[in-house]
Novice: 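Dropping a structure here in structure tokens format, bear with me for questions.
Residue numbers run from 1 in the order of the sequence given. Atom set for the values below is all heavy atoms of this structure, side chains included, hydrogens, waters and symmetry mates excluded.
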Amino acid sequence: MLFLEIPFQSDWYAQACVLRNQVLRLPLGLDLQTEDLSPESEYLHFGIEQEGQIVAYVLAVPMSDERAKLRQMAVAAAYQGQGLGRRLLELVEASLKQKGIQMLELDARKEAVGFYEKLGYAVEGDEFISVTIPHQRMTKAIVAD
């Protein structure tokens, strides 16, 4: 398995969009292909490649020089439950820390809150609805050691 920073509009990015759509959008009756993805040219895209396929993905939206928001975390169904999501986040956190990011935030689906808590993310504020389902804002400091 190979950790990648994925260039926007690359073949890897196209694969990541398919994965995101399959895991995150289609089950909710939504379609990523109908969304305007042009703002993503300003984001950082990360993935794990296995046998020529992106099998795990997350993007980071720079909020300031020291803060970023993680979004669109997806792991292919065949790879879920194997620690790949944890490994991806650990690698992304290390990469972002090297870029000067000190604080991460994300909006976790309610059923994923426990996963993020195990990785050191803390719940902030009240539950809210996003893309038709309950979410919880979470944060984590990743200051340099």
Side-chain angles (χ1 to χ4, degrees), residues 1-124 127-142:
M1 291 193 193
L2 180 65
F3 174 68
L4 305 167
E5 187 164 337
I6 299 172
F8 180 68
Q9 296 293 32
S10 67
D11 289 342
W12 292 127
Y13 176 80
Q15 282 190 30
C17 287
V18 170
L19 176 65
R20 292 160 59 188
N21 207 32
Q22 289 173 343
V23 174
L24 302 173
R25 290 296 193 259
L26 294 177
L28 300 177
L30 304 171
D31 190 344
L32 189 69
Q33 295 176 0
T34 64
E35 298 178 27
D36 176 14
L37 301 180
S38 61
E40 293 190 1
S41 66
E42 304 296 318
Y43 304 164
L44 301 170
H45 305 268
F46 301 96
I48 293 181
E49 175 269 337
Q50 171 75 25
E51 298 178 4
Q53 294 293 314
I54 297 296
V55 296
Y57 171 85
V58 68
L59 68 82
V61 180
M63 308 297 280
S64 71
D65 289 344
E66 297 157 351
R67 188 177 190 98
K69 182 173 186 174
L70 299 180
R71 299 189 62 232
Q72 299 285 303
M73 174 82 172
V75 176
Y79 292 86
Q80 291 178 7
Q82 299 177 25
L84 204 55
R86 169 185 287 274
R87 185 71 183 133
L88 176 60
L89 282 181
E90 290 168 350
L91 292 165
V92 166
E93 289 172 9
S95 179
L96 292 173
K97 192 185 297 188
Q98 288 180 342
K99 297 176 189 299
I101 299 296
Q102 298 177 23
M103 179 64 74
L104 292 175
E105 65 181 69
L106 56 84
D107 296 338
R109 291 180 178 202
K110 186 175 181 178
E111 66 270 12
V113 168
F115 166 78
Y116 290 109
E117 285 177 328
K118 289 177 191 170
L119 294 172
Y121 289 81
V123 169
E124 266 191 18
E127 188 177 289
F128 61 96
I129 302 296
S130 179
V131 291
T132 74
I133 56 174
H135 281 71
Q136 183 68 59
R137 168 85 25 97
M138 303 184 82
T139 60
K140 180 179 182 179
I142 58 166

Novice: Does the side-chain contact (heavy atoms from CB on, under 4.5 Å) test come out yes or no for V123 and E117, once each step is laid out?
Specialist: CA-CA 8 Å; V123 169; E117 285 177 328; 3.7 Å; yes
Novice: Say you draw a straight line from NE2 of H135 to CD of E127; how long is it, rounded to the nearest 0.5 Å?
Specialist: 10.0 Å
Novice: Go through the steps to decide whether L44 and K99 satisfy the test side-chain contact (heavy atoms from CB on, under 4.5 Å), and finish with yes or no.
Specialist: CA-CA 11 Å; L44 301 170; K99 297 176 189 299; 3.9 Å; yes
Novice: Considering residues, nucleotides and ligands other than E111, do more than 12 of their heavy atoms fall under 6.0 Å from its CD?
Specialist: yes
Novice: Decide if atom CD of Q9 counts as having more than 12 heavy atoms of other residues, nucleotides or ligands within a radius under 6.0 Å.
Specialist: yes
Novice: Do you know the tightest heavy-atom contact between G52 and W12?
Specialist: O-CZ3, 3.6 Å
Novice: Taking all atoms of both residues into account, what is the closest heavy-atom pair of F115 and R86, and its distance?
Specialist: CZ-N, 3.7 Å
Novice: Just verifying a value: how many Å separate K110 NZ and I129 CD1, rounded to the nearest 0.5 Å?
Specialist: 8.5 Å
Novice: Might you point out which heavy atoms bring T34 and D31 nearest each other, and give the distance in Å?
Specialist: OG1-O, 2.7 Å
Novice: With sequence neighbours excluded, what pairs up with Y79 under the ring pair (Phe, Tyr, Trp, His ring centres under 6.0 Å) test?
Specialist: none
Novice: Quick one: list whatever passes side-chain contact (heavy atoms from CB on, under 4.5 Å) with P39, sequence neighbours left out.
Specialist: D36, Y43
Novice: Applying side-chain contact (heavy atoms from CB on, under 4.5 Å) to I54 and L4, what does each step give before you reach the verdict?
Specialist: CA-CA 9 Å; I54 297 296; L4 305 167; 4.0 Å; yes
Novice: Heavy atoms only: give me the nearest M138-A108 pair and the separation to one decimal.
Specialist: SD-CB, 3.8 Å
Novice: Calculate, to the nearest 0.5 Å, the distance between atoms NZ and CG belonging to K118 and L89 respectively.
Specialist: 13.5 Å
Novice: Which value, rounded to the nearest 0.5 Å, describes the distance between L119 atom CG and L106 atom CG?
Specialist: 10.0 Å
Novice: Out of the candidates V92, L59, V58, only one should pair with M73 under the side-chain contact (heavy atoms from CB on, under 4.5 Å) rule; please name it.
Specialist: V58
Novice: Kindly indicate, with the supporting measurements, whether the criterion side-chain contact (heavy atoms from CB on, under 4.5 Å) is fulfilled by V23 and Y57.
Specialist: CA-CA 11 Å; V23 174; Y57 171 85; over 6 Å; no
Novice: So, taking the atom named CD in E40 and the one named CD in E42, what distance separates them when rounded to the nearest 0.5 Å?
Specialist: 11.0 Å
Novice: Do the side chains of M1 and L84 get nearer than 4.5 Å, heavy atoms only?
Specialist: yes
Novice: Contact between L24 and R109 at the side-chain level, heavy atoms closer than 4.5 Å - yes or no?
Specialist: yes
Novice: Measure the spacing between CD1 of I133 and CG of L28 and express it to the nearest 0.5 Å.
Specialist: 5.0 Å
Novice: So which atom in L32 and which in C17 form the shortest heavy-atom distance, rounded to 0.1 Å?
Specialist: CD2-O, 3.5 Å
Novice: Identify the heavy atoms of A60 and L70 that sit nearest to each other, and give their distance.
Specialist: CB-CD2, 3.9 Å
Novice: In chain order, what residues pass the side-chain contact (heavy atoms from CB on, under 4.5 Å) check against L91, with sequence neighbours excluded?
Specialist: F3, R87
Novice: Just grab all the side-chain hydrogen bond (donor to acceptor under 3.5 Å, both in side chains) pairs involving residues 63-77, residues at least two apart or on different chains.
Specialist: R20-Q72, R67-E105, K69-D107
Novice: Mind checking side-chain contact (heavy atoms from CB on, under 4.5 Å) for K140 and listing every partner two or more places apart, or none if nothing turns up?
Specialist: E93, Y121, I142
Novice: Go through the structure and list residues passing ring pair (Phe, Tyr, Trp, His ring centres under 6.0 Å) with F8, not counting sequence neighbours.
Specialist: Y13
